[in-house]
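Quick notes on the structure that follows.
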Amino acid sequence: MRVSGLIRLLALVFALVATWLFLRSYMNLSKKTIRLPRWLGLAPKKTEVEKTKCGLSKPCPANFFAFKISSGAANVVGPTLCFENEMIMSPVKNNVGRGLNIALVNGSTGHLLRKDSFDMYSGDVKLLVKFLVEIPEGMLVLVASYDDPGTKMNDEIRKLFTNLGSSYATQLGFRDSWVFLGAKDIKSKSPFEQFLKNNPDTNKYEGWPELLEMEGCVPQKVF
Ligand SMILES: *[C@@H]1O[C@H](CO)[C@@H](O)[C@H](O)[C@H]1NC(C)=O
């Protein structure tokens with residue numbers, strides 16, 4: 001009696017497992033057969049969203065370069081500079097620094113020419129003046145602040161950034177947030193700039209304003 005009960009139980013378990021295996025393979029099969037040929041026009045739409053360059057919310061038109069610039073968050077998280085899907089500077093790449101992070105990109109080819117960060121709190125800003133003065137014609141200039149872009153800021157540097165199309169370089173100060181894309185031979189103000197003043201009444205973090213993030217499409221320079 002006992003033995004036959006055990007056998008019955010085993011038979012039941014076996015039947016359940018077999019049913020489960022059968023259903024599983026059957027469902028796999030039906031999933032496969034449900035696909036219709038593409039030419040019927042009934043193929044399921046790709047749900048996967050196509051990745052844009054630099055993770056932009058929408059892709060750039062032809063003959064435009066995609067960019068995304070984020071300032072640092074307080075003195076904790078470093079800034080990022082992305083151009084045409086190339087992460088030029090970022091905390092992950094470990095090539096950012098407190099102060100101003102700047103990359104020069106050829107406005108017609110999109111190729112990176114130079115990148116550097118400049119300590120604007122205790123650093124020697126003569127290096128930044130030299131860097132800005134020596135920017136060749138036709139270069140795009142990407143800038144992101146981190147922690148403090150303002151302490152060592154002087155009139156000469158403000159003027160050089162203003163000449164690159166900046167509207168806010170004149171008021172850049174201690175612990176302000178700033179992201180900017182300008183150009184060497186720009187004729188007007190750059191539309192690509194965001195600025196947040198360090199203000200204890202409105203600061204998001206204790207001692208710093210919120211980080212800034214700016215994305216956009218900049219027209220390729222054609223000669
Ligand atoms: C930028 O690219 C153009 C086209 O290839 C080239 O003629 C020019 O010399 C480049 N500029 C710099 C500064 O590399």
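When a ligand or atom number is given, it counts from 1 through the structure's own listing order.
For D124, the side-chain contact (heavy atoms from CB on, under 4.5 Å) criterion is met by K126, not counting sequence neighbours.
Of the listed residues (I135, N106, V105, L104), the one carrying the non-hydrogen atom nearest atom 2 (O) of ligand 1 is N106.
Neither the backbone nor the side chain of E137 has any atom closer than 4.0 Å to an atom of ligand 1 (non-hydrogen atoms only).
Close to ligand 1: M139, with a non-hydrogen atom less than 4.0 angstrom away. Heavy atoms of S108 come nearer than 4.0 angstrom to ligand 1 in at least one pair.
Every atom of ligand 1 is numbered from 1 in the order shown, and the set under 4.0 Å from a heavy atom of P136 is 13 (C). Residue T109 approaches ligand 1 through these ligand atoms, each under 4.0 Å from one of its heavy atoms: 2 (O), 4 (C), 5 (O).
For the pair Y168 and S166, the tightest heavy-atom approach, listed with the atom from each and the gap, is N-OG, 3.2 Å.
Members clustered with L196: F65, F67, I69, L81, F83, I88, M89, V96, V105, L112, L140, L142, V179, L181, F192, L212, M214, V218, by chain and number, using a 4.5 Å side-chain heavy-atom cutoff among hydrophobic residues.
With a 6.0 Å radius and a threshold of 12 heavy atoms from other residues, nucleotides or ligands, F64 has its CZ atom above the threshold.
In terms of hydrophobic clustering, with Ile, Leu, Val, Met, Phe, Trp and Tyr side chains grouped at heavy-atom distances under 4.5 Å, V129 and I102 are assigned to a common cluster.
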